[in-house]
Amino acid sequence: MAAGSGLLLRALGLAVLLLPVVPRGPPGAAERRCFCQVTGHLDDCTCDVETIDAFNNYKLFPRLNELLQSDYFRYYKVNLKKPCPFWNDNSHCGIRDCAVKPCPSDEVPDGIRSGSYKYSEEANNLAEECEEAKRLGAVDGSLSKETQQAVLQWTRHDDSSDSFCEADDIYSPDAEYVDLLLNPERYTGYKGPDAWKIWNSIYEENCFKPQNVKRPLTSGRGDDGGHMFYKWLKGVCVEKRAFYKLISGLHASINIHLSARYLLQDTWSEKKWGPNVTEFQQRFDEVITRGEGPRRLKNLYFLYLIELRALSKVLPFFERPGFQLYTGNKSHDAEMKNLLLEILHLAKSFPLHFNENSFFAGNKKEAVKLKEEFRLHFKNISKIMDCVGCFKCRLWGKLQTQGLGTALKILFSENLIEKIPESGPSYGFQLTRQEIVALFNAFGRISTSVRELENFKNILRNMR
Ligand SMILES: *[C@@H]1O[C@H](CO)[C@@H](O)[C@H](O)[C@H]1NC(C)=O
Ligand SMILES: *[C@@H]1O[C@H](CO)[C@@H](O)[C@H](O)[C@H]1NC(C)=O
Ligand SMILES: *[C@@H]1O[C@H](CO)[C@@H](O)[C@H](O)[C@H]1NC(C)=O
């Protein structure tokens, strides 16, 4: 184990961050160290965290959760077989392939397998890691006959439109429907250098950041504790700052899920998933992450508010009598549409949104340019998702990027949506079923994260 994890740590360059040296302190200290900044007002927004918690955990989350169990929202079409367009995936044990077919030990490079004693131990670790990732990362693709029928009909109900993500994806013969309820987002064993590479290229090349500005906690020289980075971030326009914060929020949300659905016990008779506080602290504790953790959590709330705002703005599109959540069961469809509208009205009733004049609403020419820039950056991020080695992570990564992309599309189309006629075609603004499913499921993940935080808060509060 030691050799294997040493290798991982070196490759990550994050040894400091990963060592679980959690200093002990007076009661409540552990809680404060993750949540110290996550209270009161949020930047760029007139709202506070406590109000969001209460609104989400007791009002919105339960309803959204019910909606996402329905047939319309549980099936998502995705192409998981697209090759990574940016680099050759030469990850050490080919985790990428491991997730669909067994990973025979001869896939472990010879040099590692037949080396000295130290290396063969390493190879064993790699093979084990590989096995684990294969088992936990695989996607369960079983669909019932009825679903396959319904799915055929959905295709005919879809409209096309300009999208923020790679839309050609779903027309590929490789694209398949997956049941999201059968494939929950949780710990998969996919971490270390491969996962880090994905996030790194998202942050480094797709967040408007000049290369000479180092992100906090990147390894090597030039680490000034994020001083230069935050100075740069403060200077850019509110939308570009938002872009970085959204990505950071998404990253935080995914890490909260992995910590909240950690594989705690794994025997042949039973698998137990639950919260792992150590894992959570390694990602969010102020001391361990040198101040980054609480910022990440703040960005999660920011992401929450952006998606909430998108939902409140898109209400006119869903409110039209002609819109259906079509599955073929009339009474059920109507029931679900009511629930959907109830959620959207709830989103609209939330009082603390952004200052209307400061966000996505500069002068018209600027706004068009910005929209295009956002779209290109976003398209690229959705392509990077094809480089995610673990299939289950890839599935949720793609879905959440498409969901956030759809939210941005809505925010950039505010004027068009306001003009949608009550009946007839909604010129200029459309959402496909895929986009709708992604939008609500992505928001569902963020909403779940906010709720998980309450649980971690309680655990940490009672820790010494
Ligand atoms: C897209 O992402 C890749 C990989 O990170 C990068 O090499 C490329 O420059 C990016 N392109 C744009 C337009 O951002
Ligand atoms: C919790 O996560 C840490 C790593 O972050 C791991 O070392 C530990 O074994 C996990 N605990 C359990 C009970 O799985
Ligand atoms: C249609 O939905 C209703 C309400 O959800 C349910 O009671 C009924 O069994 C469904 N009918 C069919 C044919 O599935």
Side-chain angles (χ1 to χ4, degrees), residues 1-9 11-12 14-24 30 33-34 63 65-75 125 128-129 131-133 135-136 143-154 179 181 186-196 199 217 251-252 254-289 292-293 296 324-342 393 452 455-456 459-460 462-463:
M1 182 60 211
S5 69
L7 182 80
L8 279 183
L9 291 181
L12 268 169
L14 286 176
V16 182
L17 193 126
L18 289 176
L19 286 177
V21 193
V22 183
R24 279 157 195 273
R33 282 220 315 270
C34 290
R63 292 175 173 88
N65 207 34
E66 188 189 338
L67 183 74
L68 296 180
Q69 311 281 318
S70 73
D71 279 356
Y72 187 89
F73 285 99
R74 67 189 283 188
Y75 300 109
N125 287 330
E128 263 168 42
E129 239 175 62
E131 268 302 306
E132 169 156 297
R135 221 160 32 85
L136 303 177
L143 289 185
S144 69
K145 272 251 159 55
E146 295 79 32
T147 307
Q148 290 173 13
Q149 280 299 319
V151 151
L152 276 176
Q153 292 171 305
W154 279 333
D179 182 341
L181 298 182
R186 63 187 175 195
Y187 181 79
T188 61
Y190 180 66
K191 52 184 183 181
D194 295 334
W196 184 78
W199 284 109
L217 296 179
H251 193 179
I254 290 172
N255 283 337
I256 291 169
H257 289 299
L258 306 189
S259 311
R261 306 265 145 72
Y262 200 91
L263 183 56
L264 295 174
Q265 193 193 330
D266 188 14
T267 60
W268 66 271
S269 61
E270 192 190 16
K271 269 204 210 5
K272 222 176 111 205
W273 308 82
N276 180 331
V277 181
T278 314
E279 181 80 17
F280 181 82
Q281 285 177 308
Q282 280 173 17
R283 297 173 187 279
F284 299 108
D285 183 278
E286 189 181 23
V287 176
I288 297 173
T289 64
E292 279 303 295
R296 293 175 185 153
Q324 306 176 49
L325 290 171
Y326 181 82
T327 65
N329 179 337
K330 261 206 164 119
S331 64
H332 180 74
D333 292 355
E335 211 177 290
M336 285 303 122
K337 183 174 173 181
N338 281 340
L339 182 57
L340 177 92
L341 292 180
E342 192 188 333
C393 317
E452 301 286 8
N455 190 25
F456 278 117
I459 299 175
L460 286 167
N462 298 319
M463 246 172 72

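Predicted model only: the values in this text are computed from it and were never measured. One-based numbering, in listed order, for ligands and for the atoms of each.
- The shortest N/O to N/O separation between Glu279 and ligand 2 falls below 3.5 Å.
- For the side-chain hydrogen bond (donor to acceptor under 3.5 Å, both in side chains) with Asn255, the qualifying choice from Arg296, Arg283, Gln282 is Arg283, the only one to do so.
- Here the straight-line distance linking atom NE2 of His332 with atom CG of Leu325 works out to 8.5 Å at 0.5 Å rounding.
- Here the straight-line distance linking atom OG of Ser70 with atom CG of Asn329 works out to 11.0 Å at 0.5 Å rounding.
- Residues Gln324 and Lys337 fail the side-chain proximity criterion, which asks for heavy atoms closer than 4.5 Å.
- With hydrogens left out, the protein atom closest to atom 11 (N) of ligand 2 is Asn276 ND2, 3.0 Å, a heavy atom.
- The protein heavy-atom contact nearest to atom 13 (C) of ligand 2 is Leu264 CD2, 3.8 Å.
- Atom 14 (O) of ligand 2 has Tyr262 CE2, 3.5 Å as its closest protein atom, hydrogens excluded (heavy atom only).
- Of the protein's non-hydrogen atoms, His332 ND1, 3.2 Å is the one closest to atom 5 (O) of ligand 3.
- Contact between Pro275 and Asn455 at its shortest, heavy atoms only, is CG-ND2, 4.2 Å.
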- Task: Start with the C-alpha gap between Phe280 and Leu460, add the side-chain angles, then the distance that decides, and say whether side-chain contact (heavy atoms from CB on, under 4.5 Å) holds.
- Result: CA-CA 10 Å; Phe280 181 82; Leu460 286 167; 3.9 Å; yes
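- Counting protein heavy atoms under 4.0 angstrom from atom 7 (O) of ligand 3 gives zero.
- Residue-ligand proximity, Gln282 to ligand 2, at heavy-atom distances under 4.0 Å covers atoms 5 (O).
- Under the 4.0 Å distance rule, the nearest protein heavy atom to atom 2 (O) of ligand 3 falls inside the cut-off.
- Distance CG/Asp71 to CG/Asp333: 9.0 Å, rounded to 0.5 Å.
- The single protein non-hydrogen atom nearest to atom 10 (C) of ligand 3 is Asn329 ND2, 2.4 Å, given as residue, atom name and distance.
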